[in-house]
Amino acid sequence: MPDSADNETEESHGRRAQLRERNRLALIEATLDCVAEIGFARTSVSTIIDRAGLSRGMIHLHFNGKDGLMDAAVQHASDLYYQNLYMLLEKVRPSAWPQERIEAVIRSDLSETILNQNNVRIWYAFRGEARERQSIRSFSDTRDDRLRGLLFQAFLTITRASYAHDPAQIARDATHGTLAFLEGMWADYLIHPDAFDRNEACRIIFRFLSALFPQHFDLRGAIADTH
C-alpha cells in the first residue's frame, strides 16, 4: 500500500500546482482588464499586480517579465475567441453544408460573447502594438491561419461543387471579403457601440455572400439544402 506520507506529498504538489495556475490566470485576466480600461501603453507592472492582488515577483516567476505576460495575455484572448467559435461549430451537425460552417463563424464573431466593449478595446489595443511585436501580431492578425483556413476550406468546397472557373481564387476572394466585412463591423462597433445592430451586421455580410453564392446564402444566412 502507498505510504501516507507519499499521498500527502502528492496532494501538496497538486495544491501548489493549482495555486500556481490560479495565480497565472489571475495575472493574465488582470492584464486584459487593465488593457481594456486604460490601454496598452498605460498598463504597467504596478497596475497589473494591484489589480491581481499579487506580488511583482509573480510576474517574473510565471512569465519572465512584462513582455512575457503580455504575450500570454493576447494568446489567452485568442484562445477564448476560438473556444466560443468551436462551441458554436460543434452545434452544427457533422454532415453540415459548408455554408452552415461559414454562417457559424460570422455569428460567433459578431456575438455578444465575442464582440463586446471589453473585447473590442483589448483587441484594438493589442493590434496597435502588433507592428512592433511579432508575438502579439501572430495572435491578433485578422488573417489568422486558423480562421482564414476554416473559411477558405468551406468556400473552396462550395466553389468546387459549383464547377466554378478557378475555384481556389474565388474561395480566396470570398475568404478575404468576409474577413474584411467582419473587421469593418468590429470597427463600427468600436466607434458606435450604442447604435450597432448585430442582426443588421449579419444581414449585410449575408447579402455580400448571397451575391457571390445565391444558391448557398440568402439575407438570413446559409441555405442548408441546395438540391
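All residue numbers in this chain count up from 1 along the given sequence. Predicted, not measured: the structure shown is a model, and the values here were computed from it.
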Handout entry: Distance (rounded to the nearest 0.5 Å) between T157 OG1 and R101 CZ
Key = 6.0 Å
Handout entry: Y82 side chain near L147 side chain, heavy-atom distance below 4.5 Å
Key = yes
Handout entry: Nearest non-hydrogen partners of F196 and A201, listed with the distance
Key = CZ-CB, 3.7 Å
Exercise for the section: Provide the closest heavy-atom pair for A52 versus A26 in the form atom of the first, atom of the second, distance. Expected result: CB-O, 3.9 Å
Problem - Qualifying residues under salt bridge (charged side-chain N to carboxylate O under 4.0 Å, His left out), relative to E112, sequence neighbours excluded - result: none
Handout entry: Gap between atom NE2 of H216 and atom OG of S162 - 0.5 Å precision
Key = 4.5 Å
Practice task
Measure from NZ or CZ of R203 to the centre of the six-membered ring of F206, then state whether that distance is under 6.0 Å and the direction lies within 45° of the axis.
Solution key: no
Exercise for the section: Flag yes if I204 and L151 sit in one hydrophobic cluster, no otherwise; membership is Ile, Leu, Val, Met, Phe, Trp, Tyr, and two members link when side-chain heavy atoms are under 4.5 Å apart. Expected result: yes
Practice task
Over 60° means perpendicular and under 30° means parallel, so classify the ring planes of F40 and F126, tilted if in between.
Solution key: perpendicular
Practice task
Please tell me if the side chains of Y189 and Q117 come closer than 4.5 Å, counting only heavy atoms from C-beta onward.
Solution key: yes
Problem - C202 and R220, any side-chain heavy atoms less than 4.5 Å apart - result: no
Exercise for the section: Examine distances only and state if a side-chain atom of S108 and a backbone atom of V105 form a donor-acceptor pair shorter than 3.5 Å. Expected result: no
Practice task
Report whether V35 and I49 are members of the same hydrophobic cluster (ILVMFWY, side-chain heavy atoms less than 4.5 Å apart, transitive linking).
Solution key: yes
Exercise for the section: Calculate, to the nearest 0.5 Å, the distance between atoms CG and CZ belonging to L54 and R24 respectively. Expected result: 13.5 Å
Practice task
Taking atom CZ of R198 as the centre, report whether more than 12 heavy atoms of other residues, nucleotides or ligands fall under 6.0 Å from it.
Solution key: yes
Problem - A130 versus R137, closest heavy-atom pair with distance - result: O-NH1, 2.6 Å
Practice task
For A104, enumerate each residue passing the side-chain contact (heavy atoms from CB on, under 4.5 Å) test, keeping only those at least two apart in sequence or located in another chain.
Solution key: L88, L89, V92
Handout entry: pair R42-T47: side-chain heavy atoms closer than 4.5 Å
Key = no
Handout entry: Q99 side chain near F213 side chain, heavy-atom distance below 4.5 Å
Key = no
Practice task
Could you walk me through whether Q169 and D173 pass the side-chain hydrogen bond (donor to acceptor under 3.5 Å, both in side chains) test, one step at a time?
Solution key: CA-CA 6 Å; Q169 184 60 60; D173 290 348; 2.9 Å; yes
Exercise for the section: Sequence neighbours left out, what passes side-chain contact (heavy atoms from CB on, under 4.5 Å) with P167? Give chain and number order. Expected result: L156, T159, R160
Practice task
State whether the side chain of S78 and the backbone N or O of V74 hold a donor-acceptor pair below 3.5 Å, judged by distance alone.
Solution key: no
Please set out all donor-acceptor pairs under 3.5 angstrom arising from side-chain atoms of residues 57-72, sequence neighbours excluded.
unit_1: K66; atom_1: NZ; unit_2: T43; atom_2: O; d: 2.6
unit_1: D71; atom_1: OD1; unit_2: R133; atom_2: NH2; d: 2.7
unit_1: D71; atom_1: OD1; unit_2: S135; atom_2: OG; d: 2.8
unit_1: D71; atom_1: OD2; unit_2: S135; atom_2: OG; d: 3.3

Exercise for the section: Would you kindly say whether R15 and Q18 are connected by a side-chain donor-acceptor distance under 3.5 Å? Expected result: no
Problem - Rounded distance (nearest 0.5 Å) linking atom CD1 of I158 with atom CH2 of W97 - result: 10.5 Å
Fill in the blank from the handout: Smallest heavy-atom separation, A222 atom then E103 atom, equals N-OE1, 3.0 Å
Problem - Side-chain heavy atoms of H76 within contact of L25, under 4.5 Å - result: yes
Problem - Heavy-atom closest contact (F217 atom, S210 atom, distance) - result: O-CB, 3.2 Å
Completion exercise
In this structure, CG of L190 is separated from CH2 of W186 (nearest 0.5 Å) by 10.0 Å
Handout entry: Joint hydrophobic cluster, F152 plus Y81, side-chain heavy atoms closer than 4.5 Å
Key = no
Problem - Interatomic distance, L80 atom CG to L85 atom CG [nearest 0.5 angstrom] - result: 12.5 Å
Completion exercise
Excluding L19, membership of its hydrophobic cluster (Ile, Leu, Val, Met, Phe, Trp, Tyr; side-chain heavy atoms within less than 4.5 Å) reads none
Problem - Sidechain-backbone polar pair: N118 side chain, R121 backbone, donor-acceptor under 3.5 Å - result: no
Handout entry: Residue pair I114 / D109: nearest heavy atoms and the distance that separates them
Key = CG2-O, 3.7 Å
Problem - Contacts of type salt bridge (charged side-chain N to carboxylate O under 4.0 Å, His left out), residue R22, not counting sequence neighbours - result: none
Handout entry: Heavy-atom check, side chain of F155 versus side chain of T178, under 4.5 Å
Key = yes
Exercise for the section: Would you kindly confirm whether Y86 and L115 end up in one hydrophobic cluster when ILVMFWY residues are joined by side chain heavy atoms under 4.5 Å apart? Expected result: yes
Problem - Same apolar cluster (I L V M F W Y, side chains within < 4.5 Å links), I102/L219 - result: no
